[in-house]
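Read the structure below first, then the notes.
Because the structure is predicted, anything quoted here is derived from the model rather than measured.
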Amino acid sequence: MNETLISACTMFLVPATLLFGALGVANSSFLKMLVCLLGGATAGLWFYRVWWWTNLSLIDRRTALGLSGMYAAAWVITLLVQLKNMFSRA
């Protein structure tokens, strides 16, 4: 696998993972929503960066897009759950 791609994925993977931990300890719905938005933005930037990366082999591209896509999907689901919780309390 491309060493530069590994470094780039690590650069996004670490903050995205730390944000899941931050979501668990957030104590207000506003803070949880903010963490969800930050996580979604991080995963989106990661996906965007890999999508437009030139000179990647097909397997490297698919692997990196799959990993970033899983994080993006997890953050979208988490954001939807937070939205549901916010509106069901009102």
Side-chain angles (χ1 to χ4, degrees):
M1 191 169 195
N2 184 332
E3 293 297 322
T4 309
L5 178 63
I6 292 171
S7 297
C9 286
T10 303
M11 179 177 67
F12 288 104
L13 182 64
V14 170
T17 303
L18 290 174
L19 284 168
F20 272 116
L23 182 65
V25 297
N27 55 4
S28 71
S29 61
F30 174 76
L31 188 55
K32 287 183 182 196
M33 184 63 66
L34 183 62
V35 170
C36 285
L37 292 173
L38 286 171
T42 302
L45 285 171
W46 182 7
F47 191 88
Y48 176 82
R49 180 63 186 110
V50 173
W51 185 266
W52 290 105
W53 196 305
T54 57
N55 301 325
L56 275 181
S57 68
L58 186 60
I59 190 71
D60 285 350
R61 181 177 308 279
R62 286 183 178 171
T63 302
L65 285 174
L67 187 59
S68 63
M70 284 189 304
Y71 268 82
W75 279 113
V76 167
I77 292 168
T78 305
L79 179 66
L80 292 174
V81 168
Q82 291 305 317
L83 285 171
K84 180 187 139 307
N85 288 344
M86 259 179 45
F87 289 114
S88 67
R89 290 182 194 159

* **Transitive ILVMFWY cluster of L18, excluding itself - 4.5 Å side-chain cut-off** =>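 Direct or chained contacts put L18 with V14.
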Check the hydrophobic clustering (I, L, V, M, F, W, Y; side-chain heavy atoms under 4.5 Å; chains of links allowed) and say if [X] and [Y] are grouped together.
| X | Y | value |
| --- | --- | --- |
| V81 | W75 | no |
| M70 | L23 | yes |
| I77 | L19 | no |

Practice problem: Could you grab the distance from atom CZ of F20 to atom OG1 of T78, nearest 0.5 Å is fine? | Solution: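 Result: 5.0 Å between the selected atoms.
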How would you list all residue pairs meeting side chain to side chain donor-acceptor pair (under 3.5 Å) that involve residues 62-71, not counting sequence neighbours?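 Every side chain to side chain donor-acceptor pair (under 3.5 Å) pair that includes a residue of residues 62-71, provided the two are not neighbours, is T17-Y71.
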Show me the donor-acceptor pairs, under 3.5 Å and distance only, between side chains in residues 30-59 and residues at least two apart or in other chains.
from : atom 1 : to  : atom 2 : distance (Å)
T42  : OG1    : L38 : O      : 2.8
S57  : OG     : D60 : N      : 3.3
S57  : OG     : D60 : OD2    : 3.3

